[in-house]
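As the structure lists them, so they are numbered: ligands from 1, and atoms in each ligand from 1. Just so it is clear, the values below take in all heavy atoms, side chains as well, and ignore hydrogens, waters and symmetry mates. Quantities reported herein were computed from a predicted structural model and do not represent experimental measurements.
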Amino acid sequence: MTGTSANEPARGALPLAGIRVIAVEQYGAGPFGTLYLGDMGAEIIKIEPPATERSPGGDSARQAGAHFLGDNESQFFQAFNLGKKSMQLDIKSAEGRAIFHRLVGTADAVVNNLRGDLPDKLGLTHATLGDIKPGIICAHLSGYGRTGERANWPAYDYLLQAEAGFMALTGEPGQVPTRMGLSVVDYLTGITTAFAMTAALLGAARTGKGRDIDVTLYDVAMHQLTYPATWYLNAGEATGRRPRSGHPSAVPCELFPTRDGHIFIMCVQQKFWERLCAIIERPAWLDDPRFTTPRDRFDNRDLLVDHLDARLGEKTTAEWMALMQGHLPVAPVLDLAGALDNPYFQQQGGIQTIAHPLKADFRAVSNPIRVDGERLAARPAPMLGADTKGILNELGYGDAEIADLRARKII
Ligand SMILES: CC(C)(COP(=O)(O)OP(=O)(O)OC[C@H]1O[C@@H](n2cnc3c(N)ncnc32)[C@H](O)[C@@H]1OP(=O)(O)O)[C@@H](O)C(=O)NCCC(=O)NCCSC(=O)C(=O)O
């Protein structure tokens with residue numbers, strides 16, 4: 001287990017130190033984006049709805065998933081909200097909105113991932129908030145945008161993986177369309193939003209100009225189609241699934257069964273094919289006219305794969321990895337436990353142990369970005385409303401006023 005690096009950059013020295021972001025966010029997509037902004041030094045203030053008779057309040061993700069800290073704090077929520085602040089505030093009420101506007105006056109950016117038509121209804125757009133602070137950056141992450149026939153449609157990763165072709169491209173040919181096992185559309189949309197906000201903040205620092213940014217799950221999913229889209233649009237080729245997660249144009253580049261699992265071998269270049277033949281002690285294949293050039297191997301894929309299956313099935317994944325790693329593009333196929341318990345990941349500082357109020361040794365995956373050679377330090381996610389009073393005090397509200405707001409469920 002690797003703990004927090006002693007040399008991690010101080011938060012005040014991080015690139016986004018001094019930037020305040022207000023996040024009216026929930027679930028995975030919005031929070032994953034602000035997680036990046038926060039890890040890079042920005043202060044992230046989540047605005048969460050107060051409890052009502054029908055709901056416990058807060059980002060609904062606090063109740064999501066299988067594992068909880070204490071009675072009520074989901075580990076799902078932790079994963080997306082490390083290091084943020086939490087303020088409870090009813091932004092639908094006039095009084096709550098007035099407090100929100102005072103807070104906007106202290107902020108650099110406001111982001112939300114509410115359903116498309118809500119930002120306008122709740123006044124979260126630059127058209128409203130720009131009157132309070134002209135240089136404010138307003139970002140909207142939604143399923144399908146704020147206008148148009150789909151504006152009010154609820155959207156989740158799964159739906160976009162279905163509609164944007166991901167499911168049709170994933171899995172074995174002829175089998176049921178398959179979703180990637182993680183909500184990658186959510187995460188990419190969050191990161192895309194964080195990138196757009198960072199660019200807008202950079203521009204605002206030079207020009208003082210605020211912005212109104214829209215990013216949708218739909219557009220982000222479609223943009224990931226990259227070269228298959230270009231092939232389809234310009235050559236009419238609709239890429240389909242390849243057997244065993246194979247590469248669309250290179251062989252051997254796919255999953256191979258070993259004696260105890262699977263290994264992925266990727267011989268896109270001729271030199272790697274030559275090395276593979278040497279490592280698996282099949283030098284004669286180099287002179288076999290059916291396998292000589294990349295084109296020969298592509299055309300004779302089924303035969304070559306049969307040959308490779310017979311040979312690769314003779315050893316375990318670990319035995320093949322010991323022979324191939326560093327010489328060939330190769331990876332073992334690991335399950336989740338294998339991936340997280342991988343000593344390499346741990347040596348890289350990929351897991352941090354942090355003191356959490358509800359679990360003394362809470363373990364979190366590190367942000368992948370290193371700044372000046374150091375990992376960014378993970379910090380616990382906030383308890384619901386942990387920072388409400390502190391932020392209200394900063395805005396000039398006294399303790400009696402805060403108690404009154406709380407009694408009336410504005411906070
Ligand atoms: C995810 C959703 C389908 C969830 O739908 P809903 O639960 O109906 O959420 P809504 O956004 O419509 O908001 C719920 C209500 O909470 C209200 N609301 C929210 N915050 C506040 C505060 N602070 N104060 C008062 N009221 C609030 C908001 O106005 C709505 O009121 P009423 O209008 O009165 O109800 C939708 O938010 C959505 O499409 N978001 C954009 C795309 C997105 O981010 N999808 C999730 C990806 S994550 C994912 O897929 C995953 O984690 O898995």
Side-chain angles (χ1 to χ4, degrees), residues 22-35 45-66 74-81 84-101 103-104 110-125 139-148 150-164 166 179-194 214-221 384-385 387-388 391 405 408-411:
I22 306 174
V24 185
E25 61 178 17
Q26 48 185 342
Y27 305 108
F32 198 68
T34 55
L35 188 65
I45 301 176
K46 280 178 79 78
I47 302 296
E48 303 190 66
T52 65
E53 268 137 40
R54 283 186 298 125
S55 115
D59 179 343
S60 313
R62 288 184 183 272
Q63 274 79 53
S74 78
Q75 295 208 17
F76 178 98
F77 178 83
Q78 295 294 317
F80 295 100
N81 292 287
K84 299 179 187 177
K85 292 183 174 171
S86 167
M87 178 180 195
Q88 279 183 290
L89 185 63
D90 176 7
I91 57 170
K92 281 187 180 162
S93 69
E95 252 179 303
R97 197 82 65 86
I99 295 169
F100 184 75
H101 288 169
L103 184 59
V104 168
V110 179
V111 57
N112 76 82
N113 73 317
L114 299 175
R115 210 181 306 188
D117 58 352
L118 280 172
D120 286 298
K121 285 187 188 156
L122 294 174
L124 300 176
T125 66
H140 314 282
L141 186 166
S142 61
Y144 308 97
R146 284 186 284 153
T147 56
R150 293 189 178 194
N152 196 30
W153 287 19
Y156 294 95
D157 172 276
Y158 291 66
L159 310 182
L160 280 309
Q161 289 210 29
E163 193 175 359
F166 288 28
R179 176 180 176 265
M180 292 164 71
L182 294 164
S183 296
V184 288
V185 177
D186 284 344
Y187 310 152
L188 287 165
T189 308
I191 294 171
T192 304
T193 306
D214 274 287
V215 181
T216 73
L217 295 178
Y218 183 79
D219 289 336
V220 169
L384 178 57
D387 303 285
T388 309
I391 293 167
L405 289 166
R408 291 186 294 114
K409 297 194 177 346
I410 306 294
I411 59 173

* To do: State, to 0.1 Å, how close F100 and V110 come at their nearest heavy-atom pair, and which atoms those are.
  => CZ-CG1, 4.0 Å
* To do: For atom 25 (C) of ligand 1, find the nearest protein heavy atom and state the residue, atom name and distance (0.1 Å precision).
  => D90 OD1, 3.3 Å
* Asked: Mind checking whether Y144 and W153 have parallel, tilted or perpendicular rings, split at 30° and 60°?
  -> perpendicular
* Asked: Which class fits the ring pair Y187 and F80: parallel under 30°, tilted 30 to 60°, perpendicular over 60°?
  -> tilted
* Asked: Considering only heavy atoms, which of M87, E25, Q26 lies nearest to atom 9 (O) of ligand 1?
  -> Q26
* To do: Answer yes or no: is there a side-chain heavy-atom contact under 4.5 Å between I411 and P50?
  => no
* Evaluate the side-chain proximity of T52 to K409: yes if any heavy-atom separation is below 4.5 Å, no if none is. => no
* Verify, without hydrogens or angle tests, whether Q161 (side chain) and V185 (backbone) share a donor-acceptor contact under 3.5 angstrom. => no
* **Partners passing side-chain hydrogen bond (donor to acceptor under 3.5 Å, both in side chains) against E48 (at least two apart in sequence or in another chain)** => R62, S86
* For atom 33 (O) of ligand 1, the protein heavy atom that lies nearest, with its residue and separation -> L118 CD2, 3.9 Å
* To do: Sort and list the pairs that fulfil salt bridge (charged side-chain N to carboxylate O under 4.0 Å, His left out) and have at least one residue in residues 87-98, not counting sequence neighbours.
  => E95-R408
* Do Y156 and ligand 1 have an N or O pair less than 3.5 Å apart? -> no
* Asked: Considering only the protein, which heavy-atom contact is closest to atom 19 (C) of ligand 1, and what is its distance?
  -> L114 CD2, 3.8 Å
* Asked: Is there a side-chain contact between T125 and R146 (heavy atoms, below 4.5 Å)?
  -> yes
* To do: Around atom 44 (O) of ligand 1, find the nearest protein heavy atom and jot down its residue, atom name and distance.
  => N113 ND2, 2.8 Å
* **A64, P154, S60: member with heavy atom nearest to atom 3 (C) of ligand 1** => P154
* Against heavy atoms of G143, which atoms of ligand 1 measure under 4.0 Å? -> 41 (C), 42 (C)
* Does the T193 side chain pair with the main chain of V215, one donor and one acceptor, at a distance under 3.5 Å? -> no
* Is there a heavy atom in G30 that sits closer than 4.0 Å to ligand 1? -> no
* Taking the minimum heavy-atom distance to atom 46 (C) of ligand 1, which of A155, S142, G28 ranks first? -> A155
* Given side chains that start at C-beta, do those of T216 and R150 come closer than 4.5 Å, heavy atoms only? -> no
* Structure fact -> Among non-hydrogen protein atoms, atom 6 (P) of ligand 1 lies closest to R115 NH2, 3.8 Å
* Could you tell me whether D186 and ligand 1 have an N or O pair separated by under 3.5 Å? => yes
* Counting only N and O atoms by type, is there a donor-acceptor contact under 3.5 Å from the side chain of K84 to the main-chain atoms of A23? -> no
* Nearest to atom 24 (N) of ligand 1 by heavy atom, I91, I410, L182: which? -> I91
* Asked: For ligand 1, which atoms have a heavy atom of D157 less than 4.0 angstrom away?
  -> 50 (O)
* Asked: In the protein, what heavy atom is nearest to atom 29 (O) of ligand 1, and what distance, to one decimal place, separates them?
  -> K92 CE, 3.3 Å
* **Shortest protein contact, atom 21 (C) of ligand 1 (heavy atom only)** => P49 CG, 3.8 Å
* Structure fact -> Here the atoms of ligand 1 under 4.0 Å from any heavy atom belonging to L122 are 29 (O)
* Among Y144, Y27, Y187, Y158, closest by any non-hydrogen atom to atom 1 (C) of ligand 1 -> Y27
* Does an N or O from L89, backbone or side chain, lie closer than 3.5 Å to an N or O of ligand 1? -> yes
* Asked: Shortest non-hydrogen contact from A221 to L160?
  -> CB-CB, 4.2 Å
* To do: Might you check, step by step, whether the distance between atom 15 (C) of ligand 1 and some protein heavy atom is under 4.0 Å?
  => no
* Would you say ligand 1 has an N or O under 3.5 Å from any N or O of L217? -> no
